[in-house]
Amino acid sequence: MKDDNIVSMQSIMEQCRIFAESDEGQLPSLWRTVVSRIKSTAETSERDDLIDKRIPLGERLASNTRVLDLKNGVLIIESDHPGWIQYLKFYQNFIIKGLKLENPDLKINSLAFRLKGKEEKEMDVYEQALKKARAEMEERFRKNEEEARKFFGE
């Protein structure tokens, strides 16, 4: 057996430390921190009959989702149920702002979602999010162009 194929435990621990200190290693814990802050209206109500006694929504979202990757400003999230993805879409702006406040160096512009167990590749999820963002941008550009023509009388 060759000794050059053996990796020391110290080397493994050092690599784990480097990863944990990097942005990629911190992202899952940042995700959990920010998403756990989400409160439903039932949790913030003054009325006792409306208060939800179960686990808070944000903690349930955090425990049923995980960060897969961050590519070109798109954070790819995996969930174990489509219902959680709907909640995440509803709170998307809150989550993105929270992540940016926690770590201003992160360049996150949007979220893309993947259902756990689906055979979709991460690149496919990214491409779908990119396509959607491009279509929205083109629509905004078209509307701005129309408004400019009306304003300038062309």
Side-chain angles (χ1 to χ4, degrees), residues 5-45 47 50-147:
N5 291 335
I6 298 174
V7 178
S8 71
M9 181 54 88
Q10 181 181 3
S11 177
I12 293 171
M13 295 301 289
E14 180 65 18
Q15 289 300 316
C16 288
R17 185 189 63 75
I18 290 169
F19 177 75
E21 291 174 357
S22 71
D23 285 344
E24 291 178 18
Q26 292 177 355
L27 199 51
S29 64
L30 285 176
W31 171 261
R32 187 174 237 339
T33 301
V34 170
V35 172
S36 294
R37 292 182 188 145
I38 295 173
K39 304 279 188 238
S40 70
T41 54
E43 293 172 82
T44 58
S45 175
R47 293 178 42 193
L50 292 180
I51 295 176
D52 192 354
K53 305 290 187 202
R54 297 174 294 176
I55 299 171
L57 174 63
E59 290 181 29
R60 288 186 285 159
L61 280 169
S63 65
N64 287 289
T65 58
R66 72 182 182 109
V67 173
L68 291 180
D69 202 358
L70 174 61
K71 291 183 182 176
N72 298 330
V74 178
L75 184 62
I76 302 173
I77 305 299
E78 181 180 66
S79 175
D80 57 5
H81 192 276
W84 298 124
I85 293 173
Q86 290 299 321
Y87 272 115
L88 292 171
K89 286 181 180 179
F90 183 75
Y91 290 105
Q92 183 167 341
N93 290 336
F94 173 86
I95 294 168
I96 292 171
K97 286 179 185 175
L99 290 169
K100 286 180 179 180
L101 285 174
E102 287 290 326
N103 187 344
D105 295 334
L106 285 175
K107 305 295 183 216
I108 299 175
N109 301 319
S110 64
L111 304 177
F113 305 100
R114 181 183 120 172
L115 192 57
K116 187 175 184 178
K118 269 190 119 177
E119 291 301 317
E120 258 182 307
K121 294 182 181 166
E122 289 174 14
M123 196 59 181
D124 293 339
V125 173
Y126 168 73
E127 291 295 330
Q128 289 172 3
L130 184 64
K131 185 177 179 181
K132 180 182 175 191
R134 186 173 286 140
E136 289 172 355
M137 183 181 66
E138 287 173 356
E139 179 63 21
R140 281 195 308 265
F141 180 74
R142 187 189 60 74
K143 285 181 181 178
N144 288 342
E145 208 171 60
E146 284 178 14
E147 289 177 17

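- Nearest heavy-atom pair, Phe94 versus Val34, reported as atom, atom and distance to 0.1 Å: CE2-O, 3.9 Å.
- Here Leu130 contributes atom CG and Ser110 contributes atom OG; the two are 8.5 Å apart, rounded to the nearest 0.5 Å.
- At distances below 3.5 Å, at least one donor-acceptor pair connects side-chain atoms of Lys100 with backbone N or O atoms of Ile108.
- The two residues Ala62 and Val35 make their nearest non-hydrogen contact at N-CG1, 3.6 Å.
- Here Leu57 contributes atom CG and Phe90 contributes atom CZ; the two are 10.0 Å apart, rounded to the nearest 0.5 Å.
- Between Ser79 and His81, the closest heavy-atom pair is OG-O, 3.1 Å.
- Taking each heavy atom of Arg60 and Asn64 in turn, the nearest pair found is O-ND2, 2.7 Å.
- Between Leu111 and Gln92, the closest heavy-atom pair is N-NE2, 3.4 Å.
- Atom CG in Asp69 sits 5.0 Å away from atom CD1 in Ile76 (nearest 0.5 Å).
- Taken from NZ in Lys116 to OG1 in Thr65, the straight-line distance is 11.0 Å, to the nearest 0.5 Å.
- Rounding to the nearest 0.5 Å gives a distance of 13.5 Å between CG of Leu115 and CD1 of Ile77.
- Around atom CZ of Arg134, no more than 12 heavy atoms belonging to other residues, nucleotides or ligands sit under 6.0 Å away.
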Begin from the C-alpha positions of Ile38 and Ile95 and carry the test side chain to side chain contact (heavy atoms under 4.5 Å, CB included) through to its verdict. CA-CA 9 Å; Ile38 295 173; Ile95 294 168; 4.1 Å; yes
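- Summarising the geometry of Val67 relative to Pro28, their closest heavy-atom pair is CG2-CA, 4.2 Å, with the distance given to 0.1 Å.
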Mind running salt bridge (charged side-chain N to carboxylate O under 4.0 Å, His left out) on Glu139 and Arg142 for me, showing each step along the way? CA-CA 5 Å; Glu139 179 63 21; Arg142 187 189 60 74; 2.4 Å; yes
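- Atom CG of Leu106 sits about 8.5 Å away from atom CG of Leu75, to the nearest 0.5 Å.
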